[in-house]
Amino acid sequence: MARNGLMRTKSVEQSIAETDEPGTRLRRDLTAWDLTVFGVAVVIGAGIFTLAARTAGNVAGPSVSLSFVLAAIACGLAALCYAEFASTLPVAGSAYTFSYATFGEFLAWIIGWDLILEFALASAVVSKGWSDYLREGLALVGLDVPTTVTLGALDFDWGAVLLIAVLTTLLALGTKLSSRVSQVITAIKVAVVLLVIIVGFAYVRAENYSPFIPPAQGSVEGGGSGLDQSLLSLVFGVETSTYGVFGLLAAASLVFFAFIGFDVVATTAEETRNPQRDLPRGILGSLLIVTVLYVLVALVLTGMQSYQELATSPGGQDATLATAFAANGVDWAAGVISVGALAGLTTVVMVLMMGQIRVLFAMSRDGLVPRRLAPTGKHGTPVRATLLVGGVVALVAGFLPAHALEEMVNVGTLFAFVLVSAGVIVLRRTRPDLKRGFRVPLVPLIPILAILACVWLMFNLTALTWVRFSIWMALGALIYFVYGYRNSTLARRERAEAAATAGAVPADTSAGPASGQGGGGRRGRSATTRDDGADGASDGGASTDGPGDGSAGGAGD
């Protein structure tokens with residue numbers, strides 16, 4: 001049933017009906033195999049190529065492999081909830097769309113604002129990882145060229161900005177990576193990871209695993225004290241979250257970043273041939289594959305080189321997978337890893353930037369952000385939205401440190417997981433009649449465990465991250481009340497219906513019923529077009545972001 005104000009919802013039927021309209025219809029040509037490949041393609045990125053070594057050296061020591069297991073458990077529980085939602089509501093927008101159907105417009109806006117944080121900052125973090133590998137790759141051929149330069153009081157990462165500029169141009173021109181190309185690049189990344197495991201195993205020394213959980217000690221960059229230590233350790237009065245048990249727990253919250261991306265698979269729901277069957281397989285399959293690879297890589301990495309040697313250098317240079325091989329004299333492997341990482345991370349950044357565009361498309365279709373972001377250019381892509389996303393990501397990647405961005409991405413993603421998990425419980429109670437291609441077992445136990453696991457990981461992030469996240473969310477709430485509350489499509493329909501009921505204007509049946517009453521997409525869209533002359537161009541134009549951009553690297557847009 002429809003609700004007014006902050007709690008007004010967009011019905012499941014209405015959301016699905018809108019996907020079949022000619023102006024916003026996306027091609028359904030993705031299979032479970034495509035989705036699994038796309039999931040692995042976007043998940044295997046900077047998280048494993050750069051984060052594993054740095055987290056082992058700065059925070060957890062050899063126990064970082066256990067941190068990956070703990071993070072994978074939380075992701076697995078959340079993945080079950082994502083799989084049910086995606087098979088029930090196969091519509092672009094992922095957690096944003098799910099929240100609109102269950103919690104109402106305000107929380108949908110909050111989660112959309114949160115996803116903007118996730119995708120934009122994740123793109124920036126991965127591009128900075130790409131820059132690190134560019135520097136190492138140049139060094140292997142004898143070119144000692146730093147990819148970060150000092151501009152006054154700021155450090156500028158020109159390598160990351162270069163990548164963002166190139167990808168933004170390609171996206172604006174409508175260049176897309178076909179499913180076949182994505183599979184080839186994914187195969188390269190997986191081959192590099194297998195190379196690390198197989199070749200690196202020969203250089204593992206048992207003494208490097210002792211102590212497996214190093215004793216807690218004073219601050220090392222990434223661990224910290226005060227506001228820079230984990231919120232959990234701060235609450236319990238522990239002085240630091242560097243090494244020790246609290247370091248292990250803090251590391252789980254950090255390496256969680258390595259799993260970010262499987263939820264992007266849910267944004268391809270409108271482009272999947274059989275979403276009820278294939279989406280759960282794609283989400284869970286990709287998560288299982290990367291978990292096994294991550295744990296093996298972490299064990300080999302910390303066995304090849306002492307965790308103390310993997311710590312961030314006094315000059316601020318972070319260790320990577322290639323660092324461990326170079327330290328053991330295996331320069332050819334270090335070169336292969338660097339080249340493979342450069343190729344693989346490029347697709348990750350592209351898919352994450354597309355994910356940002358897809359969320360903006362869904363939000364602009366609902367009127368929560370200006371519809372002027374949606375019109376497409378002559379190449380059939382939303383150029384304005386693409387340039388906006390590219391500019392913001394380039395600015396963030398160019399001037400902000402990676403470790404601060406990673407934690408912001410993590411807290412935002414975990415918050416989205418909490419709402420999706422809670423949404424499964426809500427939708428089971430409010431709409432038990434809906435067809436579900438996949439059902440989470442043991443509801444409400446599994447969703448509750450997912451919520452607890454995600455909240456636990458959130459509390460292991462630094463107190464400063466929580467302060468930054470709170471400021472971001474407060475800013476989002478302000479923007480909603482200033483703009484979204486009155487300009488959303490549902491708000492305009494409410495005003496049109498109220499005016500028609502009061503006799504101020506002739507009743508217009510094209511306005512359709514309020515959201516939540518099962519209004520069809522065609523009727524609702526007519527009202528939207530009438531309310532804003534730009535709607536037609538915006539909604540229709542934005543659709544090309546699906547078939548044109550969406551299939552790239554997993555339609556992860």
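Positions are given from 1 along the sequence. Quantities reported herein were computed from a predicted structural model and do not represent experimental measurements.
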Heavy-atom pair of closest approach, residues Val393 and Ala120: CG2-O, 3.8 Å

Looking at every non-hydrogen atom in both residues, tell me the closest pair between Ala450 and Ala78 and how far apart they are. CB-N, 4.0 Å

Is the closest side-chain heavy-atom distance between Tyr133 and Thr147 below 4.5 Å? no

Looking at Gly129 and Leu345, what are the two nearest heavy atoms and their distance? C-CD1, 3.8 Å

Gap separating the OG1 atom of Thr102 from the CG atom of Leu419, nearest 0.5 angstrom: 8.0 Å

Gap between atom CD1 of Ile116 and atom CE of Met363 - 0.5 Å precision: 4.5 Å

Testing Tyr485, Tyr480, Tyr483 for side chain to side chain contact (heavy atoms under 4.5 Å, CB included) with Leu368, which one passes? Tyr480

Once rounded to the nearest 0.5 Å, what's the spacing between atom OG of Ser123 and atom CZ of Phe119? 8.5 Å

Where is the tightest heavy-atom contact between Val383 and Ala172, given as atom of each residue plus distance? CG2-O, 4.2 Å

Under a 4.5 Å cut-off applied to non-hydrogen side-chain atoms, are Trp109 and Val369 in contact? yes

Are side-chain N/O atoms of Thr462 and Arg468 paired as donor and acceptor at under 3.5 Å? no

So, Trp113 side chain and Trp472 main chain: donor-acceptor pair closer than 3.5 Å or not? yes

Tell me whether the centres of the aromatic rings in Phe417 and Phe256 are closer together than 6.0 Å. yes

Does some side-chain heavy atom of Val440 sit less than 4.5 Å from a side-chain heavy atom of Arg428? yes

Which residues share a salt bridge (Lys or Arg N to Asp or Glu O under 4.0 Å) with Arg281, sequence neighbours left out: none

Mind checking whether Thr489 and Arg493 have side chains closer than 4.5 Å, heavy atoms only? yes

Would Asn410 and Leu457 satisfy side chain to side chain contact (heavy atoms under 4.5 Å, CB included), going step by step from the backbone distance to the final call? CA-CA 9 Å; Asn410 290 355; Leu457 287 177; over 6 Å; no

Out of curiosity, Leu360 CG to Tyr96 OH, how far, rounded to the nearest 0.5 Å? 10.5 Å

Would you name the heavy atoms of Cys75 and Phe259 that are closest together and state the gap between them? SG-CB, 3.5 Å

Tell me, do Leu490 and Asp366 make a side-chain contact under 4.5 Å, heavy atoms counted? no

Decide yes or no for Phe103 and Ile111: does some side-chain heavy atom of the first lie under 4.5 Å from some side-chain heavy atom of the second? no

Taking the side chain as every heavy atom from C-beta outward, state whether Leu35 and Ile283 have any pair of such atoms under 4.5 Å apart. no

Does the Thr148 side chain pair with the main chain of Asp157, one donor and one acceptor, at a distance under 3.5 Å? no

What do the steps show when you test Leu342 against Trp130 for side chain to side chain contact (heavy atoms under 4.5 Å, CB included), and what is the final call? CA-CA 6 Å; Leu342 285 173; Trp130 185 92; 3.5 Å; yes

To the closest 0.5 Å, what do you measure between NZ (Lys128) and CG (Leu134)? 13.0 Å

Identify the two heavy atoms, one from Thr465 and one from Met408, that lie closest to each other, and give their separation to 0.1 Å. O-SD, 3.9 Å

Check whether any side-chain N or O of Thr168 sits under 3.5 Å from a backbone N or O of Ala165 as a donor-acceptor pair, and report yes or no. no

Would you find a donor on one side and an acceptor on the other, under 3.5 Å apart, between the side chain of Arg436 and the backbone of Glu84? no

Looking at Thr413, is its backbone amide N or carbonyl O close enough to the side chain of Glu118 to form a donor-acceptor pair, meaning the two atoms are under 3.5 Å apart? no

Measure the spacing between CD of Gln356 and CG of Leu117 and express it to the nearest 0.5 Å. 9.5 Å

Within 6.0 angstrom of Arg495 CZ, more than 12 heavy atoms from elsewhere: yes

Can you confirm whether the side chains of Glu105 and Ser488 place a donor and an acceptor under 3.5 Å from each other? yes

Side-chain heavy-atom pair Leu414, Val411 within 4.5 angstrom cut-off: no

Over 60° means perpendicular and under 30° means parallel, so tell me whether Phe415 and Phe469 are parallel, tilted or perpendicular. perpendicular

